[in-house]
Amino acid sequence: MSMRPFVASGASAADLERKAFADDVAYYLRLDPKQLPSRYFYDPLGSALFEAICQLPWYSITRAERRLLAAHAAEILQRVPSLSTMVELGPGSGEKLSMLVAAAPSTASLTVHLVDVSAAALDLATRTLNAYDLKVERHQASYEAGLEALSRRHDRRTLVLFLGSNVGNFDPPGAAEFLRTIRRALRPDDALLIGADLLKSERDLLLAYDDPLGVTAAFNRNLLVRVNRELDADFDIDAFEHRAIWNSVESRVEMHLVSTRRQRVRIAGSRLDLTLEDGETIWTESSYKYRAEEIVAILGRAGFREIDQWVDASDGFALTLVAAA
Ligand code: AVJ
């Protein structure tokens with residue numbers, strides 16, 4: 001598979017992106033129950049709302065991870081010496097990668113690769129990383145395509161970062177498959193650092209995903225604002241409520257948008273007419289929560305061996321460092 005998609009004459013990358021969005025919206029809204037994929041939350045407003053979520057007192061993932069990185073960055077780098085390459089899948093602001101880079105004994109021979117579908121995210125992270133003396137390479141691509149490009153490189157040891165509990169958006173079979181995709185892009189002794197939110201009380205989980213300020217509700221409902229704008233749809237945003245539930249059987253927080261009345265919606269860009277019953281939901285996200293030992297076990301089955309794990313017990317978050325076996 002090539003990094004550069006084949007582009008039919010006249011069709012820009014933006015056209016292709018819009019087409020993929022339109023097709024996904026049509027596909028997922030025809031499922032029963034109706035769904036929309038969480039990867040579409042992150043338009044510019046959605047990304048800003050997510051940054052706000054990270055500052056909420058009830059959403060501890062970002063702070064817990066930052067604390068663990070601040071405390072253990074030097075140790076993490078000592079456990080994987082002579083790195084030539086760091087790769088971050090979904091670098092966000094680049095702040096966490098910077099914490100690791102800042103703890104490196106020298107960065108002059110280091111190349112960091114930033115992989116993200118969003119050009120805005122890549123811009124932000126590039127600016128943050130440009131404060132250091134190192135080479136920054138941007139890959140505006142899916143994680144899979146970015147990893148594929150990296151697997152052809154010739155260098156010394158690589159450390160891949162998959163942070164922020166982004167792994168939680170995959171269902172367990174999807175997570176297992178994705179971790180194997182990462183493993184295939186690596187050579188023995190390359191490493192992976194993965195940040196994952198842990199199982200905790202239902203009360204804490206629901207406060208994190210249904211916060212008293214309503215920021216998460218806005219983040220969720222903004223997906224409909226985006227569909228309206230980009231796909232010429234007529235969702236009545238006021239007629240949807242945010243709902244977060246803890247599904248203990250599946251060990252996941254689910255976010256839904258609940259229609260507060262029977263309504264018809266036209267999504268012109270997806271050629272879709274939709275009826276929602278009063279109380280019917282659109283399922284927009286799952287965030288799976290694990291036990292610390294489960295993360296090591298899942299990584300083991302994907303072809304990694306544990307180097308070390310650092311757990312923040314107060315907020316229930318784990319950083320797990322593994323090597324390609
Ligand atoms: C960025 C996927 C880790 O699942 O906690 C935050 C996204 N959703 N609040 C998460 C999110 C609702 C977040 N991840």
Quiz item: Do the non-hydrogen side-chain atoms of Arg243 and Leu257 ever get within less than 4.5 Å of each other?
Solution: no
Quiz item: Is the shortest heavy-atom distance from the side chain of Tyr209 to the side chain of Trp58 under 4.5 Å?
Solution: no
Quiz item: Just checking, any donor-acceptor pair under 3.5 angstrom between side chains of Ser82 and Arg157?
Solution: no
Exercise. Please examine the side chains of Leu129 and Ser98, heavy atoms only from C-beta on, and report whether any two atoms are closer than 4.5 Å.
Key: yes
Exercise. Please determine, by modelled atom types, if Tyr40 and Asp24 share a side-chain donor-acceptor pair under 3.5 angstrom.
Key: yes
Quiz item: How close do Ala208 and Thr216 get, heavy atom to heavy atom, and via which atoms?
Solution: O-OG1, 3.9 Å
Quiz item: So, Glu280 and Arg262, do they make that salt bridge, N to O below 4.0 Å?
Solution: no
Quiz item: Going by atom types only, do Thr181 and Arg184 share a side-chain donor-acceptor pair under 3.5 Å?
Solution: yes
Quiz item: Between Ala125 and Gly92, what is the shortest heavy-atom contact and its length?
Solution: CB-O, 3.6 Å
Quiz prompt | Pi-cation contact, Phe21 with Arg226 (under 6.0 Å, within 45°) | solution = yes
Quiz item: Are a donor atom and an acceptor atom from the side chains of Gln309 and Thr320 found within less than 3.5 Å of each other?
Solution: yes
Exercise. Would you check if Tyr27 and Pro37 make a side-chain contact, meaning some heavy-atom pair closer than 4.5 Å?
Key: no
